[in-house]
Amino acid sequence: MKGSVKVGIVGLGMGRIHLQALKRMEGVEVSALCDVNEELLKKVGEEAGVQKLFTDFEQFISDDMDAAFICTPHFLHYEQVIAALRSGKHVFCEKPLAVTVKEADEMAKVARELGKKLAVGFQRRTNPKDRLVKQLIQELGEISRGLYEMLSLRTQAYYDSGAWRGTWWGEGGGVLINQAVHDLDIYQWWMGMPKLVFGMAETFAHEIETEDLASAIFVYENGAQVLFQASLVNHPGMSRFEVSGEMGCLIYDGNIRLAKIDGALFDFIRTCPEAWGKPPEVTWQDVQAPQEEWGHAALVKDFIDSIVEDREPLVSGEEGIKSVELVNAIIMSTILREPVELPLERASYEALMEDLRAGRRSLPRRASQP
Ligand SMILES: NC(=O)c1ccc[n+]([C@@H]2O[C@H](COP(=O)([O-])OP(=O)(O)OC[C@H]3O[C@@H](n4cnc5c(N)ncnc54)[C@H](O)[C@@H]3O)[C@@H](O)[C@H]2O)c1
């Protein structure tokens, strides 16, 4: 593509962060902004010197631009992304790609059919540590087990700050689809998709419809088991990933530690003649990732470059489907009280979401909650 890339942004919460990054980028012109909050729209427009301001999405998306950033609440992603693609725009969609996996499938399909870029806002994909972990997992041989914890905190005031938050109609879930969707994306990028999901999601401490605490067991084709847990009722916050395989194990809690086994562990288990024989030597090492700028701005730049260079963005629509599928699977397994197989039965989850929105079904709540 020649000349500067003309960009519009809808939703000026997260969209404002992207605006700042785009304004600093060469070869990009932010030509239009859209938000239903007129006061905010005027203020951000004036600050950024953007002339075309819209409160109506249809008018905004009909305007002349190469790419649209969709940064609105979750329930709007599906219709706004499809409308933007159909009006000829490349699209950067904030995470999650959609609320249901059926919607996400369609969004990725429409982008492919129209030959437009569709990128999803998972900035951790630009983090050198996260990229290194993906590489190191390849050194562990066949995987046997793992653990992933995403433990954080949000107050009731956070949920009260927007009518869409904490609701099935608006957010389409709680901690899983909003915060832990980053973790589920990076996790599946490292480890691939499981074949079976046992899920347990509940509303523990907030006055909301959706989950603030969730656990899952992911089971893989070879039998490997991974425990996943996400919480917004934890203080202090913690994040930890562990994975073990035939050739070693890795611990990632901000720092990366790798244990390499001198030999093949599963062979040793099978062939050692003694009940308590001497297992292979283990060598631990701290592994350092390169120091690089990463985050929202790096991901936004990748999206712009993907348009200019006509290549895949770092996180494509197809990639965005997978974290939505894991979220949906944990919710579905909770409600059905049984494990669910992947690929998830799309139509069943649509029906389940209808029931959740209508209040015909609900998640378990902490027993002592008022
Ligand atoms: N990648 C990240 O780290 C990250 C961080 C925060 C939020 N997000 C994502 O960004 C999106 C927005 O979240 P947020 O926290 O900014 O929400 P927010 O509620 O703070 O902002 C949303 C904005 O969209 C506007 N809006 C609502 N309906 C609209 C419509 N029909 N047309 C035009 N504008 C409309 C609202 O007025 C508001 O200004 C969500 O998908 C969220 O998950 C991503």
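Because the structure is predicted, anything quoted here is derived from the model rather than measured. The figures that follow rest on heavy atoms only: side chains count, while hydrogens, waters and symmetry mates do not. Whatever order the structure lists ligands and atoms in, that order sets their numbers, starting from 1. The first residue of the sequence shown is numbered 1, and numbering continues consecutively from there.
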* **Remaining members of hydrophobic cluster (4.5 Å side-chain criterion), Trp164** => Phe75, Leu76, Trp169
* **Cation-pi geometry met for Arg165 and Tyr159 (6.0 Å, 45°)** => no
* Asp160 and Gln156: side-chain donor and acceptor closer than 3.5 Å? -> yes
* Asked: Do Lys95 and Asn178 have side-chain N/O donor and acceptor atoms under 3.5 Å apart?
  -> yes
* Structure fact -> Residues at least two apart in sequence or cross-chain that pass ring pair (Phe, Tyr, Trp, His ring centres under 6.0 Å) with Tyr252, listed by chain then number, are Trp190
Are there any N/O pairs under 3.5 Å between ligand 1 and the protein, and if so, what are their distances?
residue: ligand 1; atom: 1 (N); partner: Glu94; partner atom: OE1; Å: 3.1
residue: ligand 1; atom: 1 (N); partner: Gly121; partner atom: O; Å: 3.4
residue: ligand 1; atom: 1 (N); partner: Gln123; partner atom: OE1; Å: 3.1
residue: ligand 1; atom: 3 (O); partner: Gln123; partner atom: NE2; Å: 2.9
residue: ligand 1; atom: 3 (O); partner: His182; partner atom: NE2; Å: 3.3
residue: ligand 1; atom: 15 (O); partner: Arg165; partner atom: NH2; Å: 3.1
residue: ligand 1; atom: 16 (O); partner: Met14; partner atom: N; Å: 2.7
residue: ligand 1; atom: 19 (O); partner: Trp164; partner atom: NE1; Å: 3.1
residue: ligand 1; atom: 34 (N); partner: Val36; partner atom: N; Å: 3.4
residue: ligand 1; atom: 37 (O); partner: Asp35; partner atom: OD1; Å: 2.6
residue: ligand 1; atom: 39 (O); partner: Asp35; partner atom: OD1; Å: 3.3
residue: ligand 1; atom: 39 (O); partner: Asp35; partner atom: OD2; Å: 2.7
residue: ligand 1; atom: 41 (O); partner: Thr72; partner atom: O; Å: 3.4
residue: ligand 1; atom: 41 (O); partner: His77; partner atom: NE2; Å: 3.1
residue: ligand 1; atom: 41 (O); partner: Lys95; partner atom: O; Å: 2.9
residue: ligand 1; atom: 43 (O); partner: His74; partner atom: NE2; Å: 2.9
residue: ligand 1; atom: 43 (O); partner: Lys95; partner atom: O; Å: 2.9
residue: ligand 1; atom: 43 (O); partner: Lys95; partner atom: NZ; Å: 2.8

* **Residues that Arg337 engages under salt bridge (Lys or Arg N to Asp or Glu O under 4.0 Å), provided they are two or more places apart** => none
